[in-house]
S.K.: 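There's a structure below that I have some questions on.
Convention: sequence-line order gives letters A, B, ...; per-chain numbering from 1. Worth saying up front: this structure is predicted, and the values here are computed from it rather than measured. Any value given below was found using the heavy atoms of this structure, including those in side chains, with hydrogens, waters and symmetry copies removed.
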Protein chains: 2
Amino acid sequence: MALTEDRRVRKTKKAMTEALAKLLLTKPLNNIGVREISDMADINRGTFYLHYRDVYDMVDKLQNEIFEKFNDIVDNHEPKKNTEELFPMLVELFNLLSENSELAKVLIGKNGDAAFVDKLKQVIREKCFVNVQKTFGIKNDDEFNYFYHYIVSGCIGIFSAWLNSGMKETPLEMAELTEKLILTGISTLS
Amino acid sequence: MALTEDRRVRKTKKAMTEALAKLLLTKPLNNIGVREISDMADINRGTFYLHYRDVYDMVDKLQNEIFEKFNDIVDNHEPKKNTEELFPMLVELFNLLSENSELAKVLIGKNGDAAFVDKLKQVIREKCFVNVQKTFGIKNDDEFNYFYHYIVSGCIGIFSAWLNSGMKETPLEMAELTEKLILTGISTLS
DNA sequence: TTAGGTGTGTTGATTATTCGGCATAATACA
DNA sequence: TGTATTATGCCGAATAATCAACACACCTAA
């Protein structure tokens with residue numbers, strides 16, 4: 001991966017991604033062809049193959065790109081002794097979603113990719129929740145396990161709802177709201 | 001001019017034109033540089049010179065393109081014995097404006113290019129108004145001359161107002177409105 | 001069955017765009 | 001005034017995108 005991608009590459013990838021996201025709103029992935037994507041993106045069909053092997057490869061690479069960014073953000077905000085890193089992390093996560101809103105909408109929303117969503121949840125568990133658990137001295141029992149699923153799924157639900165309702169609130173506002181929900185949830189446990 | 005322009009050329013020209021139009025909304029032409037245009041259009045600065053000599057050359061070529069299309073439309077709807085060609089001509093003219101709305105807005109609107117607007121007026125006079133005059137047996141006196149300026153400036157005014165108010169009406173609706181105004185004007189003369 | 005239409009994956013040649021750098025001109029500012 | 005700083009117009013090399021064409025697979029209807 002080049003440090004700075006060529007301008008042309010950036011533009012065509014953007015066009016292709018937006019076309020794919022638009023198509024995914026109307027039909028499932030297995031009914032989407034290369035020709036449809038290249039037509040809607042207004043690029044030559046051959047150009048598609050310069051970047052992706054086929055449509056599935058494209059979705060795969062796009063998912064990985066978003067996942068890597070998601071992962072990086074979570075990595076840079078691992079909670080150490082308290083939860084003061086929670087808010088800035090949420091802000092960055094909402095920003096990431098808004099920068100990839102069309103694609104994120106179809107990946108996370110209904111008819112989304114459950115496996116992809118699950119990967120996101122796993123990251124949060126391993127990087128954040130385990131630390132919170134240790135920090136607050138919470139036993140790793142069934143109750144905590146359910147609590148974890150409750151919180152994380154709740155966050156994903158907020159993400160999806162925000163994206164699908166036109167992102168009227170700013171990422172900052174959403175981060176505030178989400179932080180409040182998470183913290184009150186934690187307080188009931190400890 | 002190639003029959004079908006390369007996809008890349010279409011896209012870069014569109015990007016440059018939109019950037020220029022956007023800049024013209026904020027400052028006069030002589031304060032706009034190549035770098036600003038290429039930055040806003042998200043193209044390489046060198047690419048600009050593949051199409052235009054400088055910013056003035058760009059405006060010139062863009063004006064000529066629109067003017068040629070304007071001229072063609074008027075040519076294809078020269079009124080012969082009556083005014084039945086007026087309405088379809090107006091529809092096409094409003095369509096032309098909507099297809100080039102950003103640029104047309106700054107060329108025709110306030111702070112627009114008076115010389116360009118005048119060229120448009122001349123075309124209407126020579127191609128349309130002279131025929132109307134003969135058809136209706138109107139004397140070519142001062143009164144008719146003023147009438148001509150009144151009608152044509154009025155049309156330009158409608159164009160500008162429509163573009164600057166967000167083009168809420170369809171080209172068809174605008175053509176109906178404009179035709180009515182013109183015809184009632186003519187009826188007062190003959 | 002065959003024939004016609006459509007999408008796929010790939011190729012080779014061509015072209016437009018990118019990028020970095022250059023010398024110069026214009027502008028700002030101490 | 002002189003001296004940075006910035007924009008201009010242009011260049012060569014590299015490369016991404018285009019286009020037309022191909023063989024192939026799939027489908028559908030005659």
S.K.: Any salt bridge linking Lys14(A) with Glu18(A)? Criterion: basic side-chain nitrogen under 4.0 Å from a carboxylate oxygen.
M.R.: yes

S.K.: What pairs with Asn76(B) under side-chain hydrogen bond (donor to acceptor under 3.5 Å, both in side chains), at least two apart in sequence or on another chain?
M.R.: none

S.K.: When you measure from the side-chain N and O atoms of Tyr49(A) to the phosphate of dG9(C), is any distance below 4.0 Å, counting only OP1 and OP2?
M.R.: yes

S.K.: Suppose the criterion is ring-ring contact (aromatic ring centres under 6.0 Å, His included): which pairs have a residue in residues 28-51 of chain B, not counting sequence neighbours?
M.R.: Phe48(B)-Tyr52(B)

S.K.: State which residues pass side-chain hydrogen bond (donor to acceptor under 3.5 Å, both in side chains) with Ser153(B); sequence neighbours excluded, sorted by chain then number.
M.R.: Lys121(B)

S.K.: Would you give a per-nucleotide map of nucleotides 18-25 of chain D, 5' to 3', where B means the base has a protein non-hydrogen atom under 4.0 Å away, S means only the sugar-phosphate does, and - means neither?
M.R.: BB-B----

S.K.: Identify all side-chain donor-acceptor contacts of residues 97-105 of chain B below 3.5 Å with residues at least two apart in sequence or on another chain.
M.R.:
| unit_1 | atom_1 | unit_2 | atom_2 | d |
| --- | --- | --- | --- | --- |
| Ser98(B) | OG | Asn95(B) | O | 2.9 |
| Asn100(B) | ND2 | Leu96(B) | O | 2.9 |

S.K.: Other than Phe87(A), what residues sit in its cluster of Ile, Leu, Val, Met, Phe, Trp and Tyr side chains whose heavy atoms are under 4.5 Å apart, directly or through others?
M.R.: Val91(A), Leu172(A)

S.K.: Return the set of residues passing side-chain hydrogen bond (donor to acceptor under 3.5 Å, both in side chains) with Gln63(A) (not counting sequence neighbours), or none when no residue passes.
M.R.: Asp113(A)

S.K.: What is the distance from CE of Met16(B) to C1' of dA16(C), rounded to the nearest Å?
M.R.: 11 Å

S.K.: Nearest 0.5 Å, what's the CD1-CD1 distance between Ile156(A) and Ile124(A)?
M.R.: 5.5 Å

S.K.: According to a strict under-4.0 Å criterion, is His51(B) in side-chain N/O contact with OP1 or OP2 of dT17(C)?
M.R.: yes

S.K.: Tell me: OH of Tyr56(A) to P of dG9(C), nearest whole Å?
M.R.: 10 Å

S.K.: According to the side-chain hydrogen bond (donor to acceptor under 3.5 Å, both in side chains) rule, which pairs have a member within residues 20-40 of chain B, sequence neighbours left out?
M.R.: Lys27(B)-Glu36(B)

S.K.: Over how many whole Å does the gap from Met58(B) atom CE to dG9(D) atom P extend?
M.R.: 14 Å

S.K.: Would you mind reading off the bend of the helix from dT1(C)-dA30(D) to dA30(C)-dT1(D) from its two end axes, five pairs each, to 10 degrees?
M.R.: 40°

S.K.: Can you list, in residue-number order, the parts of residues 26-38 of chain A that come under 4.0 Å of DNA chain D, counting heavy atoms only?
M.R.: none

S.K.: List in chain and number order the residues that pass side chain to side chain contact (heavy atoms under 4.5 Å, CB included) with Lys127(A), two or more places apart in sequence or in another chain; answer none if no residue qualifies.
M.R.: Asn71(A), Val74(A), Asp75(A), Glu78(A), Val123(A)

S.K.: If you look only at pairs with a residue in residues 89-120 of chain A, which of them pass as a ring-ring contact (aromatic ring centres under 6.0 Å, His included), with sequence neighbours excluded?
M.R.: Phe94(A)-Phe159(A), Phe94(A)-Trp162(A)

S.K.: Roughly, in whole Å, what's the span from CG in Asp57(B) to C1' in dT8(D)?
M.R.: 15 Å

